[in-house]
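Right, one structure below, let's go through it.
Counting begins at 1 with the first residue of the sequence. These values consider heavy atoms only, across backbone and side chains, with no hydrogens, waters or symmetry-generated copies.
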Amino acid sequence: MLEQLIRLVQQNSGEHIVKNPEVPNEFNNAAIQDVAKQILNGLQGQASKGNMQDIILMFQGKRSSIIGNPVISQIISGATQSLSTRFGVSPQAASRITNSLIPVVMNQFVNKTNDPNQSDFDLHDFMRNVTGKNDVQDILAQFLAEKSSKELT
């Protein structure tokens, strides 16, 4: 899954990273890989915290769920900090990069995982990578249990 994310970040990073004078050229490839890793790590971190509801809502393919999704906000925050600390990008520039790049990448990622013609972007494989569970039924059961516990509170 990381390879697919790296490709999506590469495809969308021209103006944001590669041609951006605030990102030193020697760090372009590393910054692209880092953004992709931050996306995957952010999704895995949210899943490990039991936040399956926001992840599943995001992968229903609604654009508004990408933009307003708290999972994306957490990923953007982590990627902003990483670009700033690892590659010497100012916090303001890092914020501009991640706030514009990550929603585009995630929207494409969601669309591709929901497209049956995109064999490289399998939703079940993605969910297994994010949650560490092999059975999609386990993932859905976790989501339903989380949703029920939130409704009770």
Side chain to side chain contact (heavy atoms under 4.5 Å, CB included), that's the test. Do Phe87 and Asp34 meet it? Break it down for me. CA-CA 10 Å; Phe87 305 108; Asp34 189 63; 3.8 Å; yes
What's the spacing between Asn12 CG and Met106 CE if we round to 0.5 Å? 12.5 Å
Output the distance between atom CE (Met58) and atom CG (Asn107), rounded to the nearest 0.5 Å. 11.0 Å
Heavy-atom closest pair (Asn25 atom, Val18 atom, distance to 0.1 Å) is OD1-O, 3.8 Å
Please report the shortest heavy-atom distance between Thr80 and Pro91, naming the atom on each side. CG2-O, 4.0 Å
Nearest heavy-atom contact between Lys112 and Gln118 is O-CB, 3.4 Å
Measure from the side-chain N and O atoms of Gln74 to the backbone N and O of Gln46, and report whether any donor-acceptor pair falls under 3.5 Å. no
So CG of Asp120 and CD of Glu3: to nearest 0.5 Å the spacing works out to 10.0 Å
To the closest 0.5 Å, what do you measure between CD (Glu15) and CD1 (Ile17)? 12.0 Å
Considering only heavy atoms from C-beta outward, does the side chain of Ser95 approach that of Leu83 to under 4.5 Å? no
How close do Val23 and His16 get, counting heavy atoms only, and between which atoms? CG2-O, 4.4 Å
Is Ser77 reaching over with its side chain to a backbone N or O of Ser73, donor-acceptor style, under 3.5 angstrom? no
Heavy atoms from other residues, nucleotides or ligands near CD of Gln81 exceed 12 (cutoff 6.0 Å): no
Do you know which two heavy atoms are closest between Ala36 and Ile6, and how far apart they sit? CB-CG1, 3.5 Å
Mind checking the OG-CG spacing from Ser13 to Asn28? Nearest 0.5 Å is all I need. 7.5 Å
Please evaluate residues Glu22 and Arg96 with respect to the criterion side chain to side chain contact (heavy atoms under 4.5 Å, CB included), reporting the C-alpha separation (whole Å), side-chain torsions for both, the decisive distance (0.1 Å), and the verdict. CA-CA 11 Å; Glu22 297 190 71; Arg96 283 191 303 273; 2.8 Å; yes
Please assess Gln38 against Val35 for the test side chain to side chain contact (heavy atoms under 4.5 Å, CB included), listing each intermediate value before the final yes or no. CA-CA 5 Å; Gln38 291 295 324; Val35 169; 5.6 Å; no
Can you name the closest pair of heavy atoms from Val89 and Ala94 and give their distance? CG1-N, 3.5 Å
Are side-chain heavy atoms of Asn69 and Ile66 found at a separation under 4.5 Å? no
Just by modelled atom types, is the Lys37 backbone N or O under 3.5 Å from a matching donor or acceptor in the Asn41 side chain? yes
Spatial distance of atom CG (Leu43) from atom CD1 (Ile75) [nearest 0.5 Å]: 4.0 Å
